[in-house]
Amino acid sequence: MSTIPIKGTYDFSKIEEKWRTHWQKNKVYKTIGPGEDGFIEGKPKCYILDMFPYPSGAGLHIGHPKGYIASDIYSRYKRMQGFNVLHPMGFDSFGLPAEQYAIEHNVHPAIITEENIDSIRSQLQFLGLSFDWDREIATSREDFYRWSQWIFTQLFDCYFDTDDIWQDGQGRAIHGRAKKIEDLELKFAEGKSYTEADRKILGEFADTSWGALKTADQKAVLNNYRLAYQQEVVVNWCPGLGTVLANEEVTNDGRSERGDFRVYRKPLKQWIMRITDYAARLLEDLDAPLEDRNGSPFALDWPEPIKIMQRNWIGQSFGAEVRFDIIDPMDGEIAGQLPVFTTRPDTLFGATFMVIAPQHPLIDSQKTSYLVPDEWPTNALDGWRGQEPRLDIREAIRKYIDTAATEVAVDQDKKEKTGIFCGIYARNPVNGEEIPIFVADYVSMDYGSGAIMAVPAHDERDHAFALAYGLKIVSVVEGDGQRDDQCYSGSGIAINSPVIGDSAFAINGLKSKEAKNKIIAELTETGLGKEAVHYKLRDWIFSRQRYWGEPFPLATHSEGYSITLDPPVVLPAMDDFRPETSDDPSRPVSPPLHRAGSEWATIEVDGETYQRELNVMPQWAGSCWYFLRFIDPLNSDVFCDKAKEGYFMPVDLYIGGAEHAVLHLLYARFWHKVLYDLDHISTPEPFKKLFNQGMITADAFQDERGVYIDIREVEFRDEVPYERGTDKKLTKSTGKMGKRYKNGLPPEEIGAEFGVDTLRLYEMYMGPLEASAPWSMEGIRGMQRFLQRVWRNFVDQDRLVKIGEGIEPELDKKLHQTIEKVTAHIEGLRFNTAIAALIELNNELVSLDKVPEAIARPFLQLLAPLAPHIAEEIWELADFAGEGVGMQEWPVSDPQKLVEDRVVLPIQVNGKVRDKIEVALSMNEDEIKELVLTLDSVKKHVADVGQIKRFILVPGKIVNIVV
RNA sequence: GCGAAAGUGGCGGAAUUGGUAUACGCGCUAGAUUUAGGAUCUAGUGCCCGAAAGGGCUUGGGGGUUCGAGUCCCCCCUUUCGCACCA
């Protein structure tokens, strides 16, 4: 085990230590941007970004840096190609993980976060990653989060003008853009009319002109437009964590992803981001030809599966909004209208009932729209009365609503449909038929209008409900594979619908698509509905009831409206930063900043008293824009200098895990577009090329109680795993590397045993970067052997380089083929095959006494991005000129030397390889045919020439004789 | 249920537009060198039959297109990931 350093052997730890120190001390990888000393005008840039880590207390294991190694190789390669590479690193240090860790270890997050950052930074430096550490940022530092707060004020002080259709440099028409809220105020002052939502808020002042409104009422209207707005919404309240969670932070069985506590639905006033306004643009720009403000075109080069996930998440669907008249059960008059969204307007004639969500205002007894009669209508079937048919109707509905409301946020596997009749009927606009309205929890308030028209013959859910409640099923579409007793949700031909002459909605006999168009046209004509587009995407709840996050730069007036405060709003130092947790979902919500005291919470602005906002922002806030701060991290005047931003953006390569496929990437794109609309930045999208690296998986071992045993405590006897020194047999499983599974190894441990260059190479050699692959302690030795062989090929026992003159033409050809391959493979992020090509070339060098200089230089250059320490060391020993191999120009292959003049041609008979011949590439078909037919191996299978049906020659590739 | 990705030796994996399947590495076998080696070097290594020459088979399974299929088309199986009453 002991490595006695024999003179001249490859002493990786000394070499790596030496170069690591050299790079850091001399700031070799410092990036110089526009306006800074030494900036070279006209030098092309390349912005290579990693998804920054949160500074966990556990530190990094060897699985973490896979993506960082990849981006480092690419960065070093691009530098050698003459690019001004920006390759920064920072820390996502606000948020739950840091706070939870602080709570567990009873240390203040402000302290533990910086400690963790220090240790992770040194881990990253140990790996020889070429970050420019002068640009380090951390989202929890005041000089960073003041700008997160500033961006929030931008979102607060703007609105999305849907009516503005504008053109980008490509001439593409874009619908809607963010504008300053003052523009909207001006429009109102000039007489812009209020929307229905505005009027609702204004109540008795709905007809008052803008100028005559009180400030509070004006602000209340503006809240309807701001991209960051406040609203009481039903949220996922997790008393166990003492905070609200985003939908995506809640698991399928209604528990918190972090901590595994129960989550409840609770109405709460929250700050929300109006991301839905950007749904169409976020969707469109995934594939659109884009252009930055310097006129350079680009398009998103993202993995298709990630684009698909984003498309699904945004969930655009086309259809129609149809308004059904509601009939007041008391007097039979039309009491209002119930708008529904449907993707199948062609099935309107099959709508036999309607369903509304439990939160729908029609059945909210507190609202004026409440229409539930005081008795069960006589024509209501018994089965329509729900679980407790004896209850009177209002009581029964109230009970049903209550149950639905308190139920765990997401209810899985709840296939059987429940619901109850509301006692109210609606009139189908296309045929005047009166149909009952049910309330059921399979319809949710936050999609569409919270109400649906139910077409049991052609919708699975409606079908199930109709069967359970004995409702009419009318088939109106006839299509392939349809069965009488089942619902048919495909398209086909309209049936059981009016024929021409009977109705304006005559669609009988039309194909589904035509029927849709006709219905939509007619609905629009008659004012009963219109074409509509809906999105699954919801607005983004932005408040967290925690301590360790950005405070909102907001304060609230006693009349209820909020104003922005100038950042920074410094997070108050608090000894007790813990959230108030409990098991009781009904306890009032009180964020930790409550305890900062009224001295902090109360603030005076222009002689008026305001209360500071006590929620903080979610962890996403910092990661929505951190890549912009890297460009200009020390600027204290603006979040990012415009000239620098214009030079470095967009990010050319963004490497990170696929777990951020939707949320982080969608949120960051959203903020970016707002900043773009407000002309703070120059690109409509932040990340040009995205790449998701795969995981490194590892075996994990559990004892019979299911307790994980540290992999270092596992030993194998006859291939059976045991806990070291005991008779305890263990069971093996394979999966994610992590602290939980006790199967993660720290990079320092592997680096000390095998060397950092070896570790880097092995992680890249394990397979394609995007794939997951299992760690193997045997496999890594192969890479160590490779580097040892490189060392021995170049350096002798006395630590003298073995570099010579001259070069064999065959080896020269091999060199140029290798340059060609390595360049293409690194460019395509296929490092595994790049390394394989280098191994092949290196194996050719083993038999030589001296490596020709004409090979040595380019070989070390090709190796430098992958294994930088050893490459630098040999380059220095060889006394090659320049400031190190990493500063050399990337080698270029000579196309002349790549040309093959002779080629081995496989000879097939009936598709089976029977022989191989080496021929000059210049030989023509007749010559080859003549030659091939003289071969014994061919004669054996081709009795006589007359049998040959076809003679196929693919020049330079293959010969196939068909007999 | 919907959507996506993947399935190649004992193992990790390679293979532009269909054109020598198994590059490269691990492991294994034999030999060399060495006091020793988890060092190094050389040779071999997909599977089956065969002493050999040689032959047959092989990219999850089954069909198809083609002179020729890991690659294209259809059906099925398995694994992983994402979404999930979205009207």
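Source: prediction; values computed, not measured. Just so it is clear: chains get the letters A, B, ... in the order the sequence lines come, proteins before strands, and each one is counted from 1.
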Review point. Between residues 821-841 of chain A and RNA chain B, which residues have a heavy-atom gap below 4.0 Å?
Key: A/N832, A/T833, A/A836, A/I839, A/E840
Study note, to complete from the structure: Residues at least two apart in sequence or cross-chain that pass side chain to side chain donor-acceptor pair (under 3.5 Å) with A/T352, listed by chain then number, are none
Atom pair distance, as rounded to whole Å: [atom1] in [X] and [atom2] in [N]:
X: A/R323; N: B/A87; atom1: CZ; atom2: P; result: 20 Å
X: A/K417; N: B/A87; atom1: NZ; atom2: C1'; result: 12 Å
X: A/E925; N: B/G19; atom1: CD; atom2: P; result: 19 Å
X: A/K912; N: B/A69; atom1: NZ; atom2: P; result: 10 Å

Review point. Between A/K802 and A/D796, does at least one N-O distance fall below 4.0 Å, as a salt bridge requires?
Key: no
Practice item. Salt-bridge test for A/D287 and A/R311: reply yes if a basic N is under 4.0 Å from a carboxylate O, no otherwise. Key: yes
Exercise for review: For B/G9, measure the glycosidic angle (O4'-C1'-N9-C4 for a purine, O4'-C1'-N1-C2 for a pyrimidine) and name it syn if it falls within 90° of 0, otherwise anti.
Suggested key: syn
Counting any heavy atom closer than 4.0 Å, what does [X] reach on the DNA or RNA strands: base, sugar-phosphate only, or nothing?
X: A/E460; result: nothing
X: A/N960; result: base
X: A/S776; result: nothing
X: A/N843; result: sugar-phosphate

**Study point:** P-based separation of B/G44 from B/G25 [nearest Å]
**Key:** 13 Å
Review point. Which whole number of Å gives the distance between the P atom of B/G12 and that of B/G60?
Key: 13 Å
Review point. Without hydrogens or angle criteria, can the side chains of A/N960 and A/R950 be said to hold a donor-acceptor pair below 3.5 Å?
Key: no
Of the nucleotides [options], which has the atom closest to the [X] side chain?
X: A/Q908; options: B/G27, B/C67, B/G19; result: B/G19
X: A/Y447; options: B/A87, B/G25, B/U42; result: B/A87
X: A/V913; options: B/A5, B/U20, B/A87; result: B/U20

**Study point:** Minimum heavy-atom distance A/F831-A/I826, with the two atoms named
**Key:** CE2-CG2, 3.9 Å
